[in-house]
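Accompanying notes for the structure given below.
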Amino acid sequence: MSFRWGDAEDDDYGLEDVVPSTQIVGPDEKGIKIITEWRKNEDTGKLSKLITTVRVKKQVKKMNPAVLQRRQLSKFGDAIGQNASDNFTVISIDEITLERPRTDGQTNKQDENEFAALQGAPGSNPSLVVCRACGKKGDHWTSRCPYKDLLGKNLSFDKPEDDVPGLPSAASGAPGKPTSYVPPSLRGGAKREGDSMRHGSRDDSNSIRVTNLSEDTREQDLQELFRPFGNISRIYVAFDRETGLSRGFAFINFVNRDDAVRAIKKLDGYGYDNLILRVEWATPKDK
Amino acid sequence: MRPILMKGHERPLTFLKYNRDGDLLFSCAKDHNPTVWYGHNGERLGTYRGHNGAVWCCDVSRHSTRLITGSADQSVKLWDVETGTQLHTFNFVSPARAVDFAEGDKLAVISTDPFMESVSAIHIKSVESSGLQQGSIKTFTGPTGRINRVVWGPLNKTIISAGEDTVIRIWDVETGEVIKKTDKENGHSRAITSLSLSADGSHFITGSQDKTAKLWDTRTLTLLKTYSTERPVNAVAISPLMNHVVVGGGQEASQVTTSDRRAGKFEAKFFHKIFCDEIGGVRGHFGPINALAFNPDGRSFSSGGEDGYVRLHHFDPDYYKLQ
């Protein structure tokens, strides 16, 4: 239906109330299709014209006729009467990637030990002592961690209720504390939050900021770039919410401070994707 | 990639097989009903009802008309692929472990387990529509323990078998002699769980509980490559498109509950076929991977796990850029 000026004039309502219908021209021999849409802004009453040019492309997929025929087969066996709501086939919600292996053999070995330890295999260190501060297994307890100062984690070892999860604080009988129930998130001076709130109390002391990244740098690229320096606990690439493009900076949290130091030393001023990276501590040192 | 999860089986998967066009995927599991799925979207097309035990293996004819399944109910059944009707049943005195159609689909090779007083054996049966009968054309015995896989060699002149006795044997079909077998030096040190031929049949890969997968030449049985992993290997497959092999496995099912998911190593691991270095892993299963199969076009692969799921993965475009 095309819009005619004369018709509008005769009607009771004004010209501005009529929104012309969408016109589609094409696709022509080059596959170009032009869509002309009219839109009216409800608030201002202004009419705007939107022209979209689209190239229509036909993709031909060659298929064996036998395959085509098999697509039309009727269901048999238990599949009779099944419908989409039965959920025999669902598409995974998780995006699964082909995870590249770690570049250094060291962690692989560590992983293997872990595997062996969990299996209780002889020959390997069967200890299940895990340091919560640095993540080392079988070496030392959390309170004896030689790296605890470096990590700057707020671990308080003098409070037993902090170290023994599930132990009611009343049992420890800490002086000056009410003997009522204290949720785990508030124990130990409320400095440490629960696991689910990890992002609120993230340890940013080993965090480095990378700026002057190219727009198409992804998390995976940074993983590849920074992984050789040591264990990474988090990578965050800032994306523009509207355009979906990288905003050119990222944060990387290392597990060990030494690794972060080395990464800064090595990669500050490093040429990456035609740009010169700037790598620095994310937070001022004195903070 | 977003895998397609197919939940039709109620028990652990045992085997996966694509037809030659790659549009149908056959899955066998420890429940009694082999199932066929569409290879492009994972829609269930049908199930083959009739077995009364775990189904260990299957094969589909070249033109996707007939399916052969070997089951622990001591029978091997022939099915019409498109309707799910049973065409014939071969009965044995022990569970059938592996089946394979010969080139031309006139013969099939079947391996049976040692059971009661019968020993493990390899049977050759005629599966021509006119010549269906109970008797075996040939029966070979010799290996101890289960024969987990039997496949036909080039031109149906040989049969390759592998199983719990860790030895890969190449049999002469005419005489029933073992022409070649692997020795202690090259061969696997623990039970061989899987065997998969390359697209052209010139080489094949075996997976073993000794945590390695090995690539062999089909004619000479020379060891070409060894891929080592850190878990027992239950399933192997060779990509028909890329120089990749994929290896799946994990802890034995009986030990799974003793460790967490990460330590169980339940990913499908990709290795470079020639350089033997690890390319990557695809996670997702909650238990060990028991079966792997590549689509013959090499653009998707599926894995079946102890968790009862089949996961169908269509590769992302950047997969093809991997070296």
Side-chain angles (χ1 to χ4, degrees), chain A residues 61-84 86-105 107-121 124 126 128 130 137 216 218 220-221 223-224, chain B residues 1-8 19-24 33-49 63-64 80-85 230-231 251 255 258-260 262-265 267 269-270 277-284 310-313 315-316 318-319 322:
Chain A
K61 199 181 170 192
K62 281 194 179 164
M63 225 189 257
N64 189 330
V67 173
L68 260 184
Q69 210 183 341
R70 281 198 287 269
R71 291 263 165 102
Q72 315 302 323
L73 286 178
S74 47
K75 303 259 190 283
F76 60 88
D78 294 335
I80 294 173
Q82 82 182 16
N83 47 43
D86 292 342
N87 285 332
F88 281 108
T89 305
V90 287
I91 293 175
S92 165
I93 312 156
D94 303 333
E95 178 73 27
I96 306 270
T97 51
L98 190 73
E99 283 165 30
R100 307 304 302 251
R102 288 100 170 218
T103 38
D104 55 332
T107 35
N108 255 336
K109 210 165 191 181
Q110 184 192 332
D111 227 46
E112 226 166 77
N113 279 341
E114 185 184 318
F115 179 49
L118 279 157
Q119 277 191 310
S124 67
L128 284 175
V130 184
K137 276 184 190 266
D216 40 35
R218 294 292 118 112
Q220 236 169 359
D221 305 318
Q223 173 88 26
E224 266 169 43
Chain B
M1 51 198 163
R2 296 229 160 149
I4 298 168
L5 274 63
M6 288 121 89
K7 176 70 180 156
N19 66 342
R20 204 172 74 96
D21 297 316
D23 66 318
L24 299 178
N33 302 321
T35 302
V36 58
W37 314 81
Y38 280 117
H40 63 293
N41 62 2
E43 189 188 340
R44 187 164 77 160
L45 173 59
T47 61
Y48 300 90
R49 282 189 293 195
H63 297 294
S64 309
D80 184 272
V81 164
E82 301 188 352
T83 60
T85 46
E230 58 272 27
R231 63 267 165 90
Q251 275 180 290
Q255 290 182 5
T258 62
S259 68
D260 75 344
R262 193 167 39 90
K265 312 264 182 207
E267 320 120 289
K269 281 250 188 272
F270 280 73
D277 51 354
E278 193 184 319
I279 292 166
V282 175
R283 281 188 301 157
V310 180
R311 295 173 74 97
L312 171 60
H313 308 79
F315 291 117
D316 288 333
D318 48 345
Y319 164 77
L322 285 177

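Chain letters run A, B, ... following the sequence lines, proteins first and then strands; every chain starts at 1.
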Problem - Which portion of B/Tyr319 sits near chain A, non-hydrogen atoms under 4.5 angstrom - result: side chain
Problem - Region of B/Leu322 that comes under 4.5 Å of a non-hydrogen atom in chain A - result: side chain
Completion exercise
Cut-off 4.5 Å, heavy atoms of chain A, and the answer for B/Asp316 is side chain
Exercise for the section: Using non-hydrogen atoms and a 4.5 Å limit, figure out which bit of A/Ile80 sits close to chain B: side chain, backbone, both or neither. Expected result: neither
Handout entry: Check: B/Asp80 side chain, B/Thr85 main-chain N or O, donor-acceptor pair, under 3.5 Å
Key = no
Problem - Part of B/Val310 lying under 4.5 Å from any heavy atom of chain A - result: neither
Exercise for the section: Heavy atoms only, distances under 4.5 angstrom: which of B/Ile4, B/Asn19, B/Asp21 has the most pairs with chain A? Name it, please. Expected result: B/Asp21
Problem - Under 4.5 Å from a heavy atom of chain B, the part of A/Asn64 involved - result: side chain
Exercise for the section: Mark yes or no for whether B/Arg231, through its side chain, and B/Glu267, through its backbone, hold a donor-acceptor pair below 3.5 Å. Expected result: yes
Practice task
Give a yes or no on whether the backbone of B/Glu43 and the side-chain of B/Asn41 come within a donor-acceptor separation of less than 3.5 Å.
Solution key: yes
Exercise for the section: Take B/Glu82 and A/Arg70 through the test side chain to side chain contact (heavy atoms under 4.5 Å, CB included) and record every step on the way to the result. Expected result: CA-CA 8 Å; B/Glu82 301 188 352; A/Arg70 281 198 287 269; 3.9 Å; yes
Handout entry: Heavy-atom contact with chain B under 4.5 Å, split by part of A/Glu95
Key = both
Practice task
For B/Arg44 and A/Asp78, indicate whether the former's side chain and the latter's backbone hold a donor-acceptor pair under 3.5 Å.
Solution key: yes
Exercise for the section: Give a yes or no on whether A/Ile93 atom CD1 has more than 12 heavy-atom contacts from other residues, nucleotides or ligands under 6.0 Å away. Expected result: no
Practice task
Under 4.5 Å heavy-atom distance to chain A, tell me which part of B/Asp277 shows up: side chain, backbone, both or neither.
Solution key: neither
Handout entry: Straight-line distance of A/Asp221 CG to A/Asp216 CG, nearest 0.5 Å
Key = 8.0 Å
Problem - B/Thr47 side-chain N/O to A/Gly77 backbone N/O, donor-acceptor pair under 3.5 Å - result: no
Exercise for the section: Heavy atoms only, distances under 4.5 angstrom: which of B/Met1, B/Arg311, B/Met6, B/His313 has the most pairs with chain A? Name it, please. Expected result: B/Met1
Exercise for the section: Please look at B/Arg49 and chain A and tell me whether the side chain, the backbone, both or neither of the residue comes under 4.5 angstrom of a heavy atom of that chain. Expected result: side chain
